[in-house]
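One structure below.
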Amino acid sequence: MLHKHHLFHILTISFLIICAAKFSLAQKIQPDKTVLTKFEKSIEQGKYAEIERDLLNYVIAHPTDAQGFEMLAGLRSAQNRLNEAKSLYQKALLLDPKSTTAKINLALVNFQTGSTEQSLSVLNEISDNEISNDALRLKLAQTFALVGDCQKALNNVEKLPVKIKNADALPLRALCYGQFGDKQKIGSLISPAKNLIKQNPATAVNFAEVLIKAAMFQESADVLRSLVTLFPKNADALILLAKSEIYLNDTAAAKIHLEQAAKINPASPNLPYVKSLLESRRGNSAEALSLLEKSLAENPNSTEILRRIVIAAMRANQTGKAAKTAEKLLALKPDEPEFLYLYGAASLQNNKLATAENSLTKFLELRPADSLGCLALGLTFAAQPDKTTEARQQLKHCVEIDPKNFEANFQLGLSYKAQGETEKAAEYFEAAVRDAPNYAPALRDLGAVYLQSGAESKAQIALEKAVAIEPNDAETHFQLSRLYNLIGEKDLAKKHLEIFQKLKNPKKDGM
C-alpha cells in the first residue's frame, strides 16, 4: 500500500503530464520569466516550502513551458526527491530537446541515483554549439568530472578563457590531475590558486580541499595559511587548515584553528567531523564518535553526519556501531552507491560476510570501475575459506582496474602464501612493494616468503626495512628472529624474539 505522501506526489506528476498533453502550443497563457527568476532565487536560498505551491500552479498553468518543468525539477532535486526530478527533467527535454541545462541536471540526477552510464550518455549528447556561455561549459566540465570522465572534463576546460581556467576551474583541474596521478601538474596550479585568494577565497578553499584529497597536505596548509592571513574570519578555511595540520601531525596548531573556527561558526557541519579527526589522531576514539553523535542528536536524519559516524566508528574499530549506522544510512537512501559501499565495508569489518557481499555486489553493479569497492568485495571473498577462487578473481580484477592497487596485490600475496605457493606469493608481494615501497605489511610478508624459500639475503633486506618503518609489529620481529637464527646471528635472534614476546603479551611483561 502506498504511503499518502508518495501517492500525492505520484498523482501530482501524473496530473502535470495530463495537463501538458491537454494544452497545445497555441495556449494563450504566456510564460512569465520574471516569476521563474523569483522561483529560481528562492530555490537557491532554500525557501522550498514558500514557493512549492506557486511553482506547481505555474507549471499547471503553463504546460508547454519547458523552463517551468525544469525549475520544478530543480526544486525536487534540492528536496532530494530524485525520481520525481528525473521525470520532470525528461519532460522538460521533451518540450525543449536542446536545453543544455536540463541535460546536465538530468545527468547529475542519474548519477545520484546510481545510473552512471546514463549520466555519461546524456552528457555525450551535448554538442559544442549547444553550449551558449562559459558558465555552462564549466558546469558541463564539472559534471563530466563528477561522473568519472575527467578527460572530457579537461577537454572542456581547455576551451575556457584563461581567466576562468585559473580561477573557477582550478579545483576541477586539480581534481582531474589527481585522478590521473599527476601531482606535478597539481603543483603547477598552486601559484595561480594563491593569486586567486584575495578575489575568490571560496574557490581557493575548494582547491585546498582537492590538495588534501591528493594527499598534498603541506601544500594545502600553505595555501590555507595564506588565505586565513587575509581572511582570519573564514571558518571554512580554518577548519580545512586544521584538517591539513592533523594529517601533518601538527595537532597543537589544528586544535587552535578549530577553536577559532568554532567561535566564528559553531554550527558549521564540517566542524564536528574535523574535531573527531583530531580526537581520533590523539587516540581519543570515544570522544571522536561522541562529537559526531552529539551533532546527530540535533539532525537525526542527516545522511552526512551518519556517513561520518560510520567512517569514525570503523576507524575506532566499533564494528557493531558502524554496521548499524550504515544500515540506517542505507535505509534513508537505498539507491545511493556510496551508502551501499559503506554498509558493505562496515558489514565486512563486523564479520557479517553475507551482508557485505550482497551490498558490495550491488555497489559494483552501479560503479563497476571503483577500485575501493572492488577491493572490499575481494576481501569479503577472501574472508570465506570456500571462496578462495572468487577472491583471487576479484582481486586480480582490482589490479586490472588500477594497476597500482598495492593493497589488492598484497591480498593476492596473502592468498597464495596461505596455500604455501611461495613463488606466486612473492610475485604479488613484490608488486605491492614496488608501488608502495614503505608499506610495512607487504615488506614483512615478502621477507617471510623469501625466508621460506631459502633467500635469506633478500629476506633480511625486506624485514629490516619493515621493522624500521613499523617497529611495533610483533610478526616482523618474529620473522627477524627466525632469520637471524638461520644465519647464525644468535644474539640478534634472541633480541627480536624478546621484543616479539613483549609485543604479544604486554600485560604479562608489565607484571
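In this text the structure is predicted, and so the values were computed from the model without any measurement. For the numbers below, each heavy atom of this structure counts, side chains included, while hydrogens, waters and symmetry mates do not.
A 6.0 Å sphere centred on CG of Asp491 holds no more than 12 heavy atoms belonging to other residues, nucleotides or ligands.
The shortest side-chain heavy-atom distance between Lys255 and Glu245 does not fall under the 4.5 Å cut-off. Counting only heavy atoms from C-beta outward, the side chains of Leu480 and Val467 approach each other to under 4.5 Å. Counting only heavy atoms from C-beta outward, the side chains of Tyr343 and Glu327 approach each other to under 4.5 Å. The closest side-chain heavy-atom distance from Ile239 to Ser268 is below 4.5 Å. Annotation: side chain of Arg173 is in contact with side chain of Asn166 (closest heavy-atom distance under 4.5 Å). Contact check for Lys417 versus Thr422: no side-chain heavy atoms found under the 4.5 Å cut-off. Proximity of Phe217 to Leu211: side-chain heavy atoms (C-beta onward) are nowhere separated by under 4.5 Å. With contacts defined as side-chain heavy-atom distances shorter than 4.5 Å, the pair Phe111/Gln118 does not qualify.
Remark: the Ser244 side chain and the Ser220 side chain contain an N/O donor-acceptor pair separated by less than 3.5 Å. Counting only N and O atoms by type, the side chains of Asn505 and Gln501 include no donor and acceptor under 3.5 Å apart. Neither side chain, Asn350 nor Lys321, offers a donor N or O lying under 3.5 Å from an acceptor on the other. A donor atom on one side chain and an acceptor atom on the other are not found under 3.5 Å apart for Asn110 and Ser119. Lys494 and Asn485 are not linked by any side-chain donor-acceptor pair at a separation below 3.5 angstrom, with hydrogens and angles left out of the test. A donor-acceptor pair shorter than 3.5 Å can be found between the side chains of Gln479 and Glu475. Glu357 and Gln384 are linked by a side-chain donor-acceptor pair at a separation below 3.5 angstrom, with hydrogens and angles left out of the test.
Using a 4.0 Å cut-off between charged nitrogen and carboxylate oxygen, Glu365 and Lys362 do not count as a salt-bridge pair. Under the 4.0 Å criterion applied to side-chain N and carboxylate O atoms, Lys495 and Glu498 are not assigned as salt-bridge partners. The pair Asp222-Lys194 fails the salt-bridge criterion, with no side-chain N (NZ, NE, NH1 or NH2) lying under 4.0 Å from an Asp/Glu carboxylate O. A salt bridge is defined here as a Lys NZ or Arg NE, NH1 or NH2 lying under 4.0 Å from an Asp or Glu carboxylate O, and Lys165 with Glu158 meets this definition.
Among residues at least two apart or in separate chains, disulfide bond (SG atoms under 2.5 Å apart) pairs with a member in residues 391-448 are Cys374-Cys398. Counting only residues at least two apart or in different chains, ring-ring contact (aromatic ring centres under 6.0 Å, His included) contacts with residues 440-464 are absent.
Of the possible donor and acceptor atoms, one in the side chain of Gln349 sits under 3.5 Å from a partner among the backbone N and O of Met314. With Asn284 contributing its side chain and Glu287 its backbone, the two residues share no donor-acceptor pair below 3.5 Å. Of the possible polar contacts, one joining the Asn156 side chain to the Lys152 backbone as a donor-acceptor pair under 3.5 Å is found. With hydrogens and angles disregarded, no donor-acceptor distance shorter than 3.5 Å links the side chain of Thr476 to the backbone of Ala466. Ser290 contributes no side-chain N or O that, together with a main-chain N or O of Ala286, makes up a donor-acceptor pair within less than 3.5 Å.
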Subject >> Stepwise side chain to side chain contact (heavy atoms under 4.5 Å, CB included) check, Val205 with Glu209 >> reply: CA-CA 6 Å; Val205 169; Glu209 190 166 14; 5.5 Å; no

Original post:
Yes or no on side-chain hydrogen bond (donor to acceptor under 3.5 Å, both in side chains) for Asn105 and Lys139, after CA distance, side-chain angles and deciding distance?
Top reply: CA-CA 10 Å; Asn105 288 322; Lys139 185 174 182 181; 2.9 Å; yes

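Remark: Tyr177 engages no residue in a ring pair (Phe, Tyr, Trp, His ring centres under 6.0 Å) (not counting sequence neighbours). Not counting sequence neighbours, the partners of Arg307 by the side chain to side chain donor-acceptor pair (under 3.5 Å) test are Glu304, Glu338. For His477, the ring pair (Phe, Tyr, Trp, His ring centres under 6.0 Å) partners at least two apart in sequence or on another chain are His496.
Annotation: cation-pi pair Arg392/Phe381 absent, no NZ/CZ under 6.0 Å from the ring centroid and within 45° of its normal.
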Please tabulate, one pair per line, all N/O donor-acceptor pairs under 3.5 Å involving side-chain atoms of residues 432-442, not counting sequence neighbours.
{"from": "Tyr439", "atom 1": "OH", "to": "Glu407", "atom 2": "OE1", "distance (Å)": "2.6"}

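Summarising the geometry of Val210 relative to Pro171, their closest heavy-atom pair is CG2-O, 3.7 Å, with the distance given to 0.1 Å. Residues Lys504 and Ala474 come closest through the heavy atom pair CD-CB, 3.7 Å.
Aromatic rings from Tyr428 and Phe410 are positioned such that their centres are separated by 6.0 Å or more.
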